[in-house]
A.B. asks: 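Here it is: the structure, laid out below.
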Amino acid sequence: MANMMSLNISDEVIKAAVQEEVNAGIVKALGNPEMLIKDAVKLMTNKYVDEKGEFCRKDSWHAKPYFDWLTEKTVMDCVKNEIAKYVDDNKDEFAKEIRKQLKEANFGKYVTAAFLQAIVDCTKQGWKMPISITFENKDECC
């Protein structure tokens, strides 16, 4: 009988070795990483998206280059976040100013007028009073 040896190698060592071989195979298959990145950037500069950021054809309505859309979205998100932080940091001052504005007489008049106008508009559009008219002869009645 042949002598059999048992090697005790941990699963982590095996996983690391396999992962290294897989990574090396991917790099070899892809070729030059610099060219790969250059091609990916070139591909993305020719892509167009709609207003939601979904890829679309260049001649679609509201189509814009992907990087233009991404830049606009990033700037808008950044501004939105900063405004939210500013409001949160100064919410006491905002609350004081809002209370001050609510106490002014013109505000009360404006709210009352807007409320009454909304009621009038609702009655003009949504409320219809059904009216039915019937005629009876007095002689036939009793």
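All residue numbers in this chain count up from 1 along the given sequence.
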A.B. asks: Could you grab the distance from atom NZ of K109 to atom OG1 of T112, nearest 0.5 Å is fine?
C.D. replies: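 One finds 10.0 Å between NZ of K109 and OG1 of T112.
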
A.B. asks: V41, L43: one ILVMFWY side-chain cluster at the under-4.5 Å cut-off?
C.D. replies: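 Result: no, two separate clusters.
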
A.B. asks: For the pair D50 and K52, find out whether any cationic side-chain nitrogen is under 4.0 Å from an anionic carboxylate oxygen.
C.D. replies: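 The answer is no: the pair does not qualify as a salt bridge.
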
A.B. asks: Check V49 against F55 and note the closest heavy-atom contact, atom names and distance.
C.D. replies: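 That would be CG1-CD2, 3.7 Å.
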
A.B. asks: Less than 4.0 angstrom from a charged side-chain N to a carboxylate O is my criterion; do K85 and D88 meet it?
C.D. replies: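 A salt bridge is absent here (no side-chain N lies under 4.0 Å from a carboxylate O).
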
A.B. asks: Please examine the side chains of Y48 and S60, heavy atoms only from C-beta on, and report whether any two atoms are closer than 4.5 Å.
C.D. replies: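 They are not in contact (no side-chain heavy atoms under 4.5 Å apart), so the answer is no.
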
A.B. asks: Inspect the contact between D77 and K73 and indicate whether a charged nitrogen and a carboxylate oxygen are less than 4.0 angstrom apart.
C.D. replies: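 Yes, K73 and D77 are salt-bridged.
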
A.B. asks: Return the NZ to NZ distance between K96 and K100, rounded to the nearest 0.5 Å.
C.D. replies: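 One gets 12.0 Å once the value is rounded to the nearest 0.5 Å.
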
A.B. asks: Would you say CZ of F67 has more than 12 non-hydrogen atoms from neighbouring residues, nucleotides or ligands within 6.0 angstrom?
C.D. replies: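 More than 12 within 6.0 Å, yes.
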
A.B. asks: Do the non-hydrogen side-chain atoms of Y110 and F115 ever get within less than 4.5 Å of each other?
C.D. replies: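 Not in contact.
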
A.B. asks: Would you say the side chain of I83 lies within less than 4.5 Å of the side chain of V79, judging by non-hydrogen atoms?
C.D. replies: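 They are in side-chain contact.
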
A.B. asks: A quick test of your reading: do over 12 heavy atoms of other residues, nucleotides or ligands sit less than 6.0 Å from OH of Y86?
C.D. replies: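 No, the 6.0 Å shell around OH holds no more than 12 heavy atoms from other groups.
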
A.B. asks: For the pair N90 (side chain) and E93 (backbone), establish whether a donor and an acceptor sit closer than 3.5 Å, ignoring hydrogens and angles.
C.D. replies: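 No; zero donor-acceptor contacts below 3.5 Å.
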
A.B. asks: Taking NZ, NE, NH1 and NH2 as the nitrogens, is one of them in E72 or K64 under 4.0 Å from a carboxylate oxygen of the other?
C.D. replies: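 Salt bridge between E72 and K64, a charged N being under 4.0 Å from a carboxylate O: yes.
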
A.B. asks: Does K47 make a cation-pi contact with Y66, if we ask for NZ or CZ under 6.0 Å from the ring centre and within 45° of the axis?
C.D. replies: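 No; the conditions do not both hold, so K47 does not lie above the ring face of Y66.
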
